[in-house]
Structure formats: C-alpha cells, structure tokens
Student: 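Below: one structure in structure tokens.
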2 protein chains.
Amino acid sequence: MFAHSMLRPISNDRCALHSCSVCRDASPELRAELERLGRLRICRRGETVVGEEEDTPFVGNVVSGVLRTQKTLHDGRQQIVELLLPGDMFGRVFAHTSRVSIEAASNVTLCCFGRAGFEAVMARFPELEHRMLLSIMEELNAAQDWILLLGCQTVTERIASFLLILRRRALRPCAAAATPGAFPIIRVPICRRDMAAYLGTTVESISRTIQEMARRGVLRIIDPQNFEILDERRLSLLSGRDATEKPFEHVATRRASIA
Amino acid sequence: MFAHSMLRPISNDRCALHSCSVCRDASPELRAELERLGRLRICRRGETVVGEEEDTPFVGNVVSGVLRTQKTLHDGRQQIVELLLPGDMFGRVFAHTSRVSIEAASNVTLCCFGRAGFEAVMARFPELEHRMLLSIMEELNAAQDWILLLGCQTVTERIASFLLILRRRALRPCAAAATPGAFPIIRVPICRRDMAAYLGTTVESISRTIQEMARRGVLRIIDPQNFEILDERRLSLLSGRDATEKPFEHVATRRASIA
DNA sequence: CGCCGTCTTGAGTCGCTTCAAGGGTAGTGG
DNA sequence: CCACTACCCTTGAAGCGACTCAAGACGGCG
C-alpha cells in the first residue's frame with residue numbers, strides 16, 4: 001500500500017505550512033527539528049493512509065486536499081468521524097493502533113513525521129507536547145459539537161451547519177489566501193457520498209435538501225461542489241444554531257420544524 | 001449556585017481515588033501536591049457544576065455518582081455529550097470557557113482542583129501534562145466512537161451498545177470492588193430522560209426497546225435501572241458491533257435489519 | 001464508444017417521533 | 001398521616017421525516 005505512494009525528503013519541496021498547524025510560532029530550533037523530520041507525501045483520492053486498527057507509523061498534517069477519518073461497522077456501514085483540511089493534523093501520537101482509518105477524500109499532499117521520531121522531539125520540546133494537548137482539545141471540541149449535530153439535528157440543519165462550518169474555515173486567515181475575494185462562494189471539497197457519511201444521512205437526502213435550498217433562494221448551485229450563498233441569514237436560521245433565535249422556547253421538543 | 005454546594009478541605013475526607021484517574025501511579029511528590037490542592041464537593045442531582053459558555057473555575061474528577069456534560073440548542077433541544085463515572089475527569093485545562101454545561105445526573109461527590117492551581121502544577125510536573133494528554137486522547141476516542149453510534153446505528157443498536165459499555169466499565173478492576181460478584185447485572189445509573197439525551201432518541205423509544213428486549217429474553221428487567229443479562233451473545237449481536245459477525249457483507253446499506 | 005462513478009429525482013415504505021393517557025413513587029407541606 | 005404535586009416510566013395510536021429502491025442524466029476516462 002505504501003509502495004503506491006511517493007515519499008521524498010521535504011528539503012526538496014519545502015512544506016508551505018510554516019504559518020499553520022504545529023509549525024506556527026514554533027521556536028526556530030523546534031522548527032528546524034520538524035523540517036528535518038518531515039517528508040512530503042502525495043496520495044491520490046481513495047488511497048488509504050492508515051488502516052483501521054492498524055499501526056500508526058506516522059503522524060503529520062495536511063498540506064493540500066482533504067483527508068477523511070472514518071469508522072466501519074462489520075456490516076459495512078461507514079461513518080466519517082472527521083474531515084481534515086489543510087493545516088489539520090492527522091494520526092495520534094502515543095497511540096500504537098489507530099481507531100479509525102485515514103483515507104484521502106481528494107488528492108492530497110501530506111507532511112508526514114515518523115511517529116517515534118515525532119514523539120522523541122516532543123520529549124525534548126515541551127512546547128510541542130503542550131501544543132499537541134491544545135490541538136487535541138480542539139479536536140475534542142469539534143467531535144462533541146458533531147455529537148450534538150448527529151444526536152439532535154435534522155438533515156436540513158446538519159447540511160446548513162456543514163456549509164457554514166466550511167465557510168468559516170475558508171475565511172480563516174490561513175486559508176484565505178487560497179480563495180481571494182470569493183466570499184459568498186462555498187466550495188465543498190468532497191463528494192456527496194462523503195458528505196452523507198459525515199452528516200449521518202444518505203446521498204439522496206443531501207441532494208434533495210440542497211436542491212430545495214436552491215428552490216427557496218437560500219443558495220445558488222453553481223455545480224455540485226460549489227454554491228453561492230444568496231441568503232446567509234436564512235442559511236444560519238436553517239442550521240438551528242443561530243444565536244438570534246428566540247433564546248428559550250421552554251423545554252425541549254426534540255425535533256425542530258423545518259420551517 | 002455555588003452557595004448551595006458543600007466545600008470542605010480534602011484533608012478531612014481523603015479522596016478515595018488514589019488508584020484511579022490522575023492520581024494513579026503519580027509520583028509521591030505529585031500526589032502530595034494534588035492532595036493539597038483538591039477539595040471534595042458534594043452536589044445533588046440536577047445541580048449545575050459549570051454552565052455552558054461559562055468560565056471554568058475548576059477541574060477535577062468524579063468520586064461517586066454520575067456527571068453529564070451536555071449541549072443545548074437555542075430551541076431547547078439537548079444532547080448529552082459525555083457521561084462521567086467515578087474516576088473520570090471533568091473540566092478542561094487551559095480552556096477559559098466551557099463548551100458544555102456540566103450537571104449532576106445523580107447525587108455526586110467530586111474532587112475539585114482550582115483550574116489555575118492545577119495548571120501551575122502541570123507546568124511543574126511534565127508527567128501530569130503528559131497524563132492529561134493521554135486522558136484527553138481517550139476522551140476523543142470515546143467521542144468519535146459516539147459519533148459512529150449516533151451517525152449510523154439504530155435505536156436498538158444504540159441501547160444495546162450502551163448497556164454493554166456500562167457493563168464493561170463496571171467490570172474494570174477499579175470499579176469491580178464496588179459491585180462484587182454481581183456479574184450478569186447491569187445497573188444503569190441515569191434516568192430514561194438522560195439515556196434518551198445521550199443516545200439521541202426519546203424516552204418512549206427507549207422504554208419500548210428495552211421492554212422488547214425483555215420480551216425476547218435478552219434481559220430481565222429487575223427495575224427500571226437494573227437489568228439482568230440473560231443472553232449476552234444476543235445483546236452483543238443487537239449492538240451491531242459484534243466481532244464475530246460476518247466480517248464484510250460487501251458495501252454498505254446504511255441501516256441494519258433489526259433481526 | 002461504452003463503462004463507471006456521481007448526482008438527481010420519483011415513489012413507496014418504515015422506524016421513530018409525537019401526542020396522549022395512565023400508573024407508580026418520592027418529596028413536600030398542611 | 002395523607003393529600004398533592006412532580007417526576008419517572010410505560011403503553012397505545014397516529015403521523016412524518018428520512019431511508020430504500022429504482023431509474024435516468026451527466027461527465028470523465030480507458
């Protein structure tokens with residue numbers, strides 16, 4: 001499996017992520033250490049980077065493209081647990097076997113560090129271990145937010161939330177350079193099948209819901225992966241997470257109306 | 001709110017958790033430090049320990065009882081994100097505002113550390129920071145497993161999984177002393193409403209499903225919180241996570257039959 | 001060109017929620 | 001001590017959101 005991938009020293013092709021992820025604000029010594037250890041790797045869409053319940057030979061971060069981490073039930077049902085965009089880290093330090101499979105949801109470029117080597121650097125640079133702690137806490141926050149989404153939101157709300165999350169990420173300073181000035185455009189970097197596996201629904205429901213949003217003038221479908229947001233306010237309301245909503249309707253009915 | 005709680009120095013009532021959680025295997029100096037900092041606190045069922053989006057004044061671990069961490073949508077829908085049992089830690093170090101509300105799902109005893117003080121100890125004892133990293137990674141694993149459960153399992157599967165998870169926890173060496181020899185009995189430490197909010201369903205569905213399991217001889221209902229497992233094999237099959245299931249049925253239909 | 005994967009759309013079905021009602025038990029106060 | 005309230009759990013009936021199944025359009029690639 002690894003034989004299919006390209007591995008080459010980072011020195012030839014410098015990692016562009018100095019301003020993101022683990023390298024951001026790192027002390028010069030630490031950064032030098034990481035650059036020495038890092039190797040660029042290119043994977044094609046669909047390729048498996050680390051298998052479920054497999055050893056984790058390396059950790060790293062996404063340079064370009066999208067990685068998905070997913071779990072599979074014995075009968076074949078799959079759930080995407082995390083989408084990793086440029087700047088995100090993948091792989092678990094100190095975890096000998098992975099609890100998820102990590103696969104390329106698009107063609108990706110990765111910056112990989114051998115796990116053992118990375119852990120050795122962590123031991124020598126407490127700032128790196130601290131940074132990892134914060135990074136994993138952030139991941140945990142995102143996971144718990146996803147639990148809320150899957151546990152008590154409708155398909156419409158999930159899709160609206162997802163689009164808004166993508167939008168927020170795209171507007172972050174780090175990624176802004178990649179899409180200059182294209183504010184009302186949301187680019188979904190994955191196919192419907194992955195959206196469905198991430199949002200806990202089906203491709204058909206996603207298709208129907210997005211078409212319905214377009215019919216109501218919330219967005220315009222440029223092509224299946226690109227949307228122009230026409231009414232951000234309404235999209236936010238559809239997400240069920242709008243702060244300006246009536247604060248408390250008094251105690252819970254579990255489902256919201258689709259309005 | 002805090003005025004309702006009892007706070008007293010741990011020295012009077014020694015924390016019984018030397019063998020669990022952060023204190024386990026800690027060096028004597030670190031343990032002394034933590035004992036100095038820790039304060040026992042008792043909360044009655046329903047009490048809020050830390051509110052959503054509030055400051056986190058302390059972190060700590062559960063001594064007895066059950067804590068729930070939950071998120072609330074603006075329209076009142078709630079989702080329990082985590083159940084914290086004896087030995088589990090609550091609160092986030094380095095996180096100034098909590099992303100969840102932490103509430104007592106039963107009467108609980110907590111061992112609390114002031115957050116600032118705890119962080120100071122972490123700075124002086126790298127072993128503590130490392131231990132926290134591992135602990136949060138474990139939490140992340142659990143959260144991602146819950147995403148799988150909520151994203152693609154039926155209500156029956158969720159309930160069976162939940163019961164088996166409780167069972168596994170009860171059998172852990174740490175907790176085993178508390179329930180000696182009562183192997184086939186599962187005690188559910190929370191009410192139906194909390195189960196529903198944790199499993200992403202409704203009290204009615206839970207009630208129906210459990211009654212159905214009893215009718216089929218999978219378990220016997222001793223009382224609403226206690227069940228005797230009559231057919232663990234079948235319960236495991238119902239959970240949809242049995243390892244001995246046909247490994248691959250070939251690609252995914254999203255829902256499983258209820259068999 | 002023909003195959004394959006992706007996306008869309010329609011029709012039918014069903015699992016689960018919603019709504020409604022009843023019994024049981026704990027806690028409270030007269 | 002006993003009403004009285006409140007909450008918890010259960011059960012039934014009805015409705016609906018989302019899934020399943022099926023078919024067709026579109027586009028890329030060997």
Side-chain angles (χ1 to χ4, degrees), chain A residues 44-46 75-79 105-107 149-160 188-197 199-215 219 221-227 238 240 249 251-259, chain B residues 44-46 75-79 104-107 149-160 188-197 199-215 221-227 238 240 249 251-259:
Chain A
R44 306 209 48 178
R45 174 178 170 177
D75 64 3
R77 283 173 287 174
Q78 295 187 323
Q79 175 68 33
S106 69
N107 296 334
L149 181 139
L150 293 176
C152 58
Q153 296 202 266
T154 64
V155 166
T156 302
E157 289 171 330
R158 295 180 203 186
I159 292 172
V188 176
I190 55 175
C191 67
R192 292 280 184 276
R193 200 164 82 74
D194 284 346
M195 268 187 82
L199 296 172
T201 180
T202 60
V203 288
E204 294 94 331
S205 290
I206 291 190
S207 192
R208 272 186 257 274
T209 305
I210 290 181
Q211 297 296 326
E212 178 66 20
M213 284 178 175
R215 237 170 280 130
L219 49 75
I221 301 173
I222 300 171
D223 65 59
Q225 310 240 99
N226 290 280
F227 310 105
L238 283 180
E249 183 74 32
V251 173
T253 54
R254 286 195 47 77
R255 292 278 166 196
S257 62
I258 319 180
Chain B
R44 305 209 48 180
R45 174 178 169 176
D75 63 2
R77 284 173 287 173
Q78 295 187 322
Q79 175 69 33
S106 69
N107 295 335
L149 181 140
L150 294 176
C152 59
Q153 296 202 267
T154 65
V155 168
T156 302
E157 289 172 329
R158 295 180 204 185
I159 292 172
V188 175
I190 55 173
C191 66
R192 293 281 184 276
R193 201 163 81 73
D194 283 347
M195 270 186 81
L199 296 173
T201 178
T202 61
V203 289
E204 295 94 330
S205 290
I206 292 190
S207 193
R208 275 186 255 272
T209 305
I210 291 180
Q211 298 295 327
E212 178 66 20
M213 284 178 175
R215 238 171 278 130
I221 301 174
I222 300 171
D223 65 58
Q225 312 240 99
N226 290 279
F227 310 106
L238 283 180
E249 182 75 31
V251 173
T253 53
R254 285 195 47 77
R255 292 277 165 195
S257 63
I258 319 181

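When reading the values below, keep in mind they use all heavy atoms of this one structure, side chains included, and skip hydrogens, waters and symmetry mates. Numbers restart at 1 for each chain; the letters A, B, ... are given by sequence-line order, proteins then strands.
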Student: Measure from CZ on Phe227(A) to P on dC7(C) and round the result to the nearest Å.
Tutor: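 Atom-to-atom, Phe227(A) to dC7(C), this comes out as 9 Å.
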Student: Please report the shortest heavy-atom distance between Ser106(A) and Pro189(A), naming the atom on each side.
Tutor: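 So the minimum-distance heavy-atom pair works out to CB-O, 4.4 Å.
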Student: Using whole Å, report how far CE of Met195(B) lies from C1' of dC16(C).
Tutor: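 It is 16 Å, rounded to the nearest whole Å.
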Student: To the nearest 0.5 Å, what is the distance between CG on Leu150(A) and CZ on Arg158(A)?
Tutor: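 It is 5.5 Å, given to the nearest 0.5 Å.
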Student: Between dG15(C) atom P and Ile206(B) atom CD1, what is the distance in whole Å?
Tutor: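 So the CD1-P distance, Ile206(B) to dG15(C), works out to 18 Å.
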Student: If every non-hydrogen atom of Ile221(B) is compared with every non-hydrogen atom of Gln211(B), which pair is closest and at what distance?
Tutor: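 Ile221(B) and Gln211(B) have their closest heavy atoms at CD1-NE2, 3.5 Å.
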Student: So, does the side chain of Arg208(A) form a donor-acceptor pair with the base of dT20(D) at under 3.5 Å?
Tutor: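 Side chain to base: pair present.
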Student: Quick one: is dT17(C) close enough that its OP1 or OP2 comes under 4.0 Å of any side-chain N or O from Thr202(B)?
Tutor: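 True: Thr202(B) side-chain N/O within range (under 4.0 Å) of dT17(C) OP1/OP2.
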Student: Just how far, in rounded Å, is P of dC7(C) from CD1 of Ile210(A)?
Tutor: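 Whole-Å distance recorded here is 10 Å.
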Student: List in chain and number order the residues that pass side-chain contact (heavy atoms from CB on, under 4.5 Å) with Thr209(A), two or more places apart in sequence or in another chain; answer none if no residue qualifies.
Tutor: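 Thr209(A) satisfies side-chain contact (heavy atoms from CB on, under 4.5 Å) with Val155(A), Thr156(A), Ile159(A), Met213(A) only.
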Student: Please report the distance, rounded to the nearest Å, between CG in Leu199(B) and P in dC16(C).
Tutor: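 Those two atoms, CG and P, are 12 Å apart.
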Student: Which residues satisfy the side-chain contact (heavy atoms from CB on, under 4.5 Å) test with Asn107(B), sequence neighbours excluded?
Tutor: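 If we apply the side-chain contact (heavy atoms from CB on, under 4.5 Å) test to Asn107(B), skipping adjacent residues, the hits are Arg44(B), Arg45(B).
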Student: If you measure from CD on Gln79(B) to CD on Gln153(A), what distance do you get to the nearest 0.5 Å?
Tutor: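 So the CD of Gln79(B) and the CD of Gln153(A) are separated by 10.0 Å.
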Student: State whether Thr201(A) places a side-chain N or O below 4.0 Å from either non-bridging phosphate oxygen (OP1 or OP2) of dA18(D).
Tutor: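 It does not, given that no N or O in the side chain of Thr201(A) lies less than 4.0 Å from OP1 or OP2 of dA18(D).
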Student: What string of B, S and - do you get for nucleotides 25-30 of chain D, 5' to 3', when a contact is any protein heavy atom under 4.0 Å?
Tutor: ------
Student: Report the distance from atom CG of Asn107(B) to atom P of dA26(C), rounded to the nearest whole Å.
Tutor: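 Rounded to whole Å, this separation is 15 Å.
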Student: Tell me: CD of Glu157(A) to C1' of dG17(D), nearest whole Å?
Tutor: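 The distance from CD of Glu157(A) to C1' of dG17(D) comes to 12 Å, rounded to the nearest Å.
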Student: Nearest 0.5 Å please: distance from the CZ atom of Arg192(A) over to the CE atom of Met195(A).
Tutor: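 Nearest 0.5 Å value for the CZ-CE distance: 6.0 Å.
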Student: Considering non-hydrogen atoms only, spot the tightest contact between Leu219(A) and Ile210(A) and give its length.
Tutor: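 Scanning both residues completely, I find the closest heavy atoms to be CD1-O, 4.1 Å.
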Student: Can you measure Asp223(A) atom CG to dC7(C) atom P for me and round it to whole angstrom units?
Tutor: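 After rounding, the gap between these two atoms is 10 Å.
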Student: If you fit an axis to the five pairs at each end of the helix from dC1(C)-dG30(D) to dG30(C)-dC1(D), how big is the angle between those two axes, to 10 degrees?
Tutor: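 Computed from the C1' atoms at both ends, the axes differ by 30°.
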Student: Could you tell me which residues satisfy side-chain hydrogen bond (donor to acceptor under 3.5 Å, both in side chains) with Glu204(B), sequence neighbours excluded, listed by chain and number?
Tutor: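 Per chain and number, Glu204(B) pairs via side-chain hydrogen bond (donor to acceptor under 3.5 Å, both in side chains) with no residue.
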Student: Quick check for you: to the nearest 0.5 Å, what is the distance between Cys152(B) atom SG and Glu157(B) atom CD?
Tutor: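 One finds 8.5 Å between SG of Cys152(B) and CD of Glu157(B).
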Student: Test for a donor-acceptor pair under 3.5 Å between the base of dC21(D) and the side chain of Glu204(A), counting only N and O atoms.
Tutor: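 Answer yes: a donor N or O sits under 3.5 Å from an acceptor.
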Student: Listing time: all N or O pairs from protein to nucleotides 4-6 of chain C that are below 3.5 Å?
Tutor:
| unit_1 | atom_1 | unit_2 | atom_2 | d |
| --- | --- | --- | --- | --- |
| dT6(C) | OP1 | Arg45(A) | NH2 | 3.0 |

Student: What closest approach, in Å, do Ala196(A) and Ile206(A) show between heavy atoms, and which atom pair accounts for it?
Tutor: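 Residues Ala196(A) and Ile206(A), closest heavy atoms: N-CD1, 3.3 Å.
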Student: Ignoring the backbone of Ser207(A), work out which of dT10(D), dT9(C), dC16(C) is nearest its side chain.
Tutor: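 So the nucleotide nearest the side chain must be dT9(C).
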Student: Main chain of Val203(A), side chain of Arg193(A): is a donor-acceptor contact present, judged purely on distance under 3.5 Å?
Tutor: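 Looks like no, no N/O pair under 3.5 Å.
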